[in-house]
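Worksheet: the structure to be examined is printed underneath.
In what follows, chains carry the letters A, B, and so on, assigned in the order in which the sequence lines appear, proteins first and then strands, with residues in each chain numbered from 1.
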There are 2 protein chains.
Amino acid sequence: MTEHPAARTMPARTAYHHGDLRAQMIAAVRDLVETHGPDGFSVAEAARRAGVSSAAPYKHFRDRAEILRGVVGEAMDRLRAAMEAGAATYPAGSVEAVAAVGLAYVSFARAEPGVFRLTFGLTEGHGNDADLRAKGEDDFGVVVRCAAACLGLPPDDPHVQACAYMLWSFVHGHSFLTIDNKRSVASTRIDDWTYLMTVSRAILGQANRG
Amino acid sequence: MTEHPAARTMPARTAYHHGDLRAQMIAAVRDLVETHGPDGFSVAEAARRAGVSSAAPYKHFRDRAEILRGVVGEAMDRLRAAMEAGAATYPAGSVEAVAAVGLAYVSFARAEPGVFRLTFGLTEGHGNDADLRAKGEDDFGVVVRCAAACLGLPPDDPHVQACAYMLWSFVHGHSFLTIDNKRSVASTRIDDWTYLMTVSRAILGQANRG
DNA sequence: CCCTAGAAGTAAGAGTTGCTAACTTTACCC
DNA sequence: GGGTAAAGTTAGCAACTCTTACTTCTAGGG
């Protein structure tokens with residue numbers, strides 16, 4: 001799916017065995033993370049699934065952590081795409097568009113809890129990675145733009161930034177509690193959409209109507 | 001600190017070498033998790049730090065996961081204590097008390113990001129653990145009671161539950177984004193206390209003044 | 001068309017880890 | 001004191017990460 005830097009230096013698709021082990025490794029790891037949890041994967045097992053020796057991946061990744069970074073980067077791309085798609089289903093500037101972005105976020109977490117947890121949980125090694133940081137800002141940018149459109153303010157307005165951050169932490173927390181099953185602790189069964197609409201309205205309205 | 005079940009079956013403090021390897025293991029793992037990240041610990045290294053052979057821990061824990069569960073359980077106890085202490089610094093029923101609970105939560109995450117991440121991130125193996133589940137409900141109970149007092153409603157009121165859940169997901173998300181350094185993505189530098197007060201007021205006020 | 005550089009793979013191995021099995025040491029209780 | 005059981009030890013297996021040295025395939029220039 002995503003085009004990787006390696007595609008530049010490589011004739012793409014015409015190599016020793018696969019020609020595209022990097023992408024296949026990422027896919028395999030994504031699968032493993034999803035089925036066995038974020039730490040329940042091994043590069044050995046992923047290599048096995050890709051049909052190569054356990055040393056082969058090290059021609060494409062420096063170490064285990066870099067493989068994870070690859071998975072996370074790809075996930076962040078997909079998350080952003082999902083958020084943008086969500087926003088696009090409602091008129092720009094509407095509260096619904098904001099809520100839809102949140103729904104896309106939560107849906108992603110629910111659909112791929114392992115990858116989601118990995119993406120936001122394993123920031124030990126790759127927290128300083130410039131590439132991932134940029135992707136993170138891109139993701140946040142979607143929220144910011146929606147909030148800005150809704151509030152009728154420029155995206156760099158401090159109020160917009162504050163609102164976007166609030167929305168993000170809300171949705172992020174909700175996502176985590178959902179996949180951690182902590183949600184059932186509260187005796188209420190809240191519908192995602194109405195929940196997100198309520199929250200979005202509360203946060204955005206607060207600045208608007210004041 | 002915390003009294004463990006093992007203390008019952010054991011003469012406590014008068015054994016082979018330590019008499020309390022279980023607690024020392026938990027402490028060692030907590031340290032390792034804090035310094036090397038949630039997956040950057042090994043039971044071998046923890047045992048080494050405790051001054052015992054790498055097989056010794058298995059007399060007290062079934063496996064690696066159970067050690068983690070021990071650390072998480074202890075952390076949840078401390079988190080609850082911190083939240084209760086926070087609430088107690090303001091008059092019962094005040095919005096400040098609610099915000100203080102949130103501040104305790106965020107402070108805990110900031111002080112022990114590794115343990116915090118472990119507590120809420122590693123729900124793969126021990127998500128079904130009854131003990132941890134109970135502790136999680138206890139933690140949530142603090143929020144519920146504060147919200148109930150603030151709203152002047154019984155704790156089992158659906159509205160209280162919904163508000164408490166909202167508050168929790170908000171604070172939870174904020175905590176995670178904070179320790180993930182995602183916070184600096186937003187160009188605003190928000191003070192924790194005013195942030196939490198704003199949020200608490202918004203969520204609780206919404207039902208109150210309507 | 002060959003031949004060479006280098007990318008992409010393999011096999012073998014060092015070192016660490018999780019966990020088990022079998023044994024030993026210690027403390028308590030009668 | 002002797003028996004019992006908890007709490008520790010050593011030894012060892014299988015698996016994993018990552019390295020080194022070797023092989024194989026492909027692309028591209030002369």
Notebook entry, point to check: Stepwise, does the ring-ring contact (aromatic ring centres under 6.0 Å, His included) test hold for B/F140 with B/Y165?
Noted result: CA-CA 8 Å; B/F140 185 60; B/Y165 181 76; 7.0 Å; no
Check: Hey, are B/Y195 and B/S200 close enough side-chain-wise for a donor-acceptor pair under 3.5 Å?
Finding: no
Check: Between A/F176 and A/F116, does the ring centroid distance fall short of 6.0 Å?
Finding: yes
Checklist line | Shortest non-hydrogen separation from B/C146 to B/A97 and the atoms involved | finding: SG-O, 4.4 Å
Checklist line | Nearest atoms (heavy-atom pairs only) where A/P154 meets A/A148 | finding: C-CB, 4.1 Å
Margin query: Whole angstroms only, please: what is the CD1-C1' distance between A/I67 and D/dT17?
Written below: 10 Å
Note to self: Main chain of B/D156, side chain of B/Q161: is a donor-acceptor contact present, judged purely on distance under 3.5 Å?
What the structure shows: no
Considering only nitrogen or oxygen atoms on both sides, find all protein atoms under 3.5 Å from nucleotides 11-16 of chain D and state each distance.
unit_1: D/dC16; atom_1: OP2; unit_2: A/R48; atom_2: NH2; d: 2.9

Next item on the list: Take the protein atom OH of A/Y58 and the nucleotide atom P of D/dT19, then report the distance between them rounded to whole Å.
Entry: 8 Å
Notebook entry, point to check: Are OP1 or OP2 of C/dG9 and a side-chain N or O of A/H60 less than 4.0 angstrom apart?
Noted result: yes
Using a 3.5 Å cut-off and no angle test, enumerate the donor-acceptor pairs between side-chain atoms of residues 104-115 of chain A and protein atoms at least two apart in sequence or in another chain.
unit_1: A/Y105; atom_1: OH; unit_2: A/W168; atom_2: NE1; d: 3.0
unit_1: A/Y105; atom_1: OH; unit_2: A/H172; atom_2: ND1; d: 2.8
unit_1: A/S107; atom_1: OG; unit_2: A/L103; atom_2: O; d: 2.7
unit_1: A/R110; atom_1: NH2; unit_2: A/D192; atom_2: OD2; d: 2.1
unit_1: A/E112; atom_1: OE1; unit_2: A/R78; atom_2: NH2; d: 2.6
unit_1: A/E112; atom_1: OE2; unit_2: A/R78; atom_2: NH2; d: 2.1

Next item on the list: Would you work out how much the helix from C/dC1-D/dG30 to C/dC30-D/dG1 bends between its ends, with each end axis defined by five base pairs, to 10 degrees?
Entry: 0°
Notebook entry, point to check: Nearest-Å distance, CD (B/Q24) to P (D/dG8)?
Noted result: 9 Å
Next item on the list: Mind calculating the distance between CE (A/M25) and C1' (C/dA8) to the nearest angstrom?
Entry: 14 Å
Checklist line | Pairwise side-chain contact, B/L204 with B/V98, heavy-atom cut-off 4.5 Å (strictly under) | finding: yes
Item checked: Atom-pair distance (CG on B/L68; C1' on C/dG18), nearest Å -> 13 Å
Check: Given side chains that start at C-beta, do those of A/R30 and A/E74 come closer than 4.5 Å, heavy atoms only?
Finding: yes
Check: Nearest-Å distance, CG (A/L21) to P (C/dT10)?
Finding: 9 Å
Margin query: Return whichever of B/K59 or B/D63 has its heavy-atom-nearest nucleotide of DNA chain C closer to the 5' end.
Written below: B/D63
Next item on the list: Mind calculating the distance between CZ (A/F61) and C1' (D/dT19) to the nearest angstrom?
Entry: 18 Å
